[in-house]
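A short write-up of the structure that comes next.
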Amino acid sequence: MPEYAFIGRSNVGKSSLINMLTGKKGLAKTSQTPGKTQLINHFLINENWYIVDLPGYGYARASKSKKADWDKFIHTYLDKRESLQCVMVLIDSRLEPQKIDLEFCNWLGEKGLSFVLIFTKADKQSGVKTDQNVSRFKKALGETYEEIPEYFITSSETQLGHDDILTFIDKINKVFEIPHLN
Ligand code: GTP
Ligand code: MG
């Protein structure tokens, strides 16, 4: 079954976004403390596709060996998972472009993995500020990419981006529908 992995820096709002998209508040565990999600969690949606919640990268307080473990299992998962359709890279819309996010996007590019950008926590600031940070990120990514991937501006608080993301996923899932026999 097709699956979509949600990934980004620790505390960026991956689990909250998954709960917002599915309309199930307690589905993915969220926390104010970074490093909450420590496993690869699959959530089956409508019995025909998966949302995958991944542990965040760049968690400052994780030990060196934990970081190395993270790198290994996440990179192996992303690199080898054949049912993975698209990597949803979450970026905190309040921040200027972060090196770690740009590096991660570049790594995805090197591996030839398709990805989209999801800017999170847009409710926390003005639309002008969000647009500014989105433009900066696109510009920074443009230094290595000719074509900027599709992007979504979201808030798990206000549900901003809900329909656009689900429509995007739906379009890809349609390819997997087995035609009815007459
Ligand atoms: P890890 O699993 O630790 O990597 O974190 P995560 O990326 O899954 O983040 P999580 O969803 O647990 O959210 C982290 C914190 O940010 C929580 O306190 C959330 O309530 C808050 N948060 C997440 N998304 C939003 C949002 O759109 N708006 C606001 N205001 N807060 C948010
Ligand atoms: Mg999480």
Side-chain angles (χ1 to χ4, degrees), residues 3-45 50-78 81 84 86-105 107-108 113 115-134 136-137 149-169:
E3 64 188 48
Y4 301 83
F6 288 72
I7 193 155
R9 286 169 59 233
S10 198
N11 214 240
V12 70
K14 299 175 291 295
S15 301
S16 304
L17 185 77
I18 290 170
N19 293 340
M20 184 272 263
L21 291 175
T22 55
K24 291 184 182 146
K25 263 206 151 146
L27 186 66
K29 297 266 182 305
T30 64
S31 163
Q32 288 176 4
T33 330
K36 179 70 186 173
T37 307
Q38 303 215 343
L39 298 167
I40 298 178
N41 295 304
H42 280 73
F43 301 109
L44 182 61
I45 314 292
Y50 283 108
I51 281 182
V52 184
D53 191 15
L54 297 173
Y57 51 77
Y59 174 37
R61 285 174 67 191
S63 66
K64 255 198 181 153
S65 70
K66 263 233 158 128
K67 278 182 191 158
D69 278 356
W70 183 94
D71 259 35
K72 203 167 156 215
F73 87 73
I74 297 295
H75 285 122
T76 306
Y77 163 80
L78 294 172
R81 189 79 176 174
L84 181 63
C86 185
V87 184
M88 322 296 275
V89 183
L90 274 66
I91 312 281
D92 192 326
S93 70
R94 297 169 301 172
L95 306 179
E96 309 236 321
Q98 303 287 301
K99 194 166 162 233
I100 195 166
D101 293 327
L102 292 164
E103 279 173 0
F104 183 68
C105 290
W107 180 82
L108 292 173
L113 291 160
F115 68 97
V116 295
L117 304 170
I118 297 186
F119 292 91
T120 63
K121 307 192 185 184
D123 60 284
K124 288 216 171 194
Q125 66 196 336
S126 71
V128 174
K129 187 85 199 148
T130 301
D131 290 345
Q132 225 172 45
N133 285 335
V134 169
R136 284 181 184 146
F137 195 89
E150 202 162 329
Y151 69 92
F152 303 91
I153 295 172
T154 69
S155 161
S156 298
E157 290 288 316
T158 68
Q159 306 236 317
L160 179 69
H162 175 277
D163 293 359
D164 289 344
I165 293 175
L166 290 182
T167 303
F168 170 81
I169 290 175

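First listed ligand is number 1; within each ligand, the first listed atom is number 1.
Of all heavy-atom pairs spanning A5 and L78, the tightest one is CB-CD2, 4.4 Å. Nearest heavy atom pair, residue P55 against residue F73, reads CG-CZ, 4.0 Å.
Closest protein heavy atom to atom 4 (O) of ligand 1: K14 NZ, 2.9 Å. The single protein non-hydrogen atom nearest to atom 2 (O) of ligand 1 is T37 OG1, 2.8 Å, given as residue, atom name and distance. Among all protein heavy atoms, the one lying closest to atom 27 (O) of ligand 1 is S156 N, 2.8 Å. Of the protein's non-hydrogen atoms, K121 NZ, 3.1 Å is the one closest to atom 16 (O) of ligand 1. Atom 20 (O) of ligand 1 has its closest protein heavy atom at S16 OG, 4.3 Å. The protein heavy atom nearest to atom 18 (O) of ligand 1 is Q32 CG, 3.3 Å.
Each of the atoms 4 (O) of ligand 1 lies under 4.0 Å from some heavy atom of G56. Near K124, meaning under 4.0 Å from any of its heavy atoms, are these atoms of ligand 1: 29 (C), 30 (N), 31 (N). Within the listing of ligand 1, atoms 27 (O), 28 (N), 29 (C), 30 (N) sit less than 4.0 angstrom from a heavy atom of E157. Taking a cut-off of under 4.0 Å to the non-hydrogen atoms of D123, the atoms of ligand 1 that pass are 26 (C), 27 (O), 28 (N), 29 (C), 30 (N). Set against the non-hydrogen atoms of S155, the atoms of ligand 1 under 4.0 Å away are 27 (O).
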Carefully, step by step, assess M88 and I7 under the rule side-chain contact (heavy atoms from CB on, under 4.5 Å). CA-CA 6 Å; M88 322 296 275; I7 193 155; over 6 Å; no
Between R9 and L95, does a side-chain contact (heavy atoms from CB on, under 4.5 Å) hold up when you go through it step by step? CA-CA 12 Å; R9 286 169 59 233; L95 306 179; 3.1 Å; yes
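Look at V12 and you'll find a heavy atom under 4.0 Å from some atom of ligand 1.
The option with the heavy atom closest to atom 14 (C) of ligand 1, from among A122, S31, G8, is S31.
Any protein N/O/S atom under 2.8 Å from the Mg ion (ligand 2) was counted, giving 2 altogether.
Considering backbone and side-chain N/O atoms, T154 never comes within less than 3.5 Å of an N/O atom of ligand 1. Note: no N/O pair closer than 3.5 Å links D53 and ligand 1 by distance alone. Note: an N/O pair closer than 3.5 Å links N11 and ligand 1 by distance alone. Not one N or O of L17 is nearer than 3.5 Å to an N or O of ligand 1, by distance alone. In terms of N/O distances under 3.5 Å, ligand 1 is not approached by T30.
Using a 4.5 Å cut-off on side-chain heavy atoms (C-beta onward), K29 and S31 make no contact. Looking only at side-chain heavy atoms (C-beta outward), L108 and V89 come within less than 4.5 Å of each other. With a 4.5 Å cut-off on side-chain heavy atoms, F119 and T154 do not count as touching.
Residue V52 is tested with I18, I40, N41 for a side-chain contact (heavy atoms from CB on, under 4.5 Å); the sole match is I40.
Neither side chain, T120 nor D92, offers a donor N or O lying under 3.5 Å from an acceptor on the other.
No more than 12 heavy atoms of other residues, nucleotides or ligands lie within 6.0 Å of OH in Y151, so this atom counts as exposed by the packing criterion.
Panel note: side chain S15, backbone A28; no donor-acceptor pair is recorded below 3.5 Å. Remark: the backbone N or O of E157 is not paired with any side-chain donor or acceptor of Q159 at under 3.5 angstrom. A donor-acceptor pair under 3.5 Å is absent between the side-chain atoms of K124 and the main chain of S93, judged by distance alone.
Relative orientation of the F104 and Y57 rings is tilted, given thresholds of 30° and 60° on the angle between their planes. Taking the six-membered ring where tryptophan is involved, the planes of F152 and F168 are perpendicular, since the angle between them exceeds 60° and thus also 30°.
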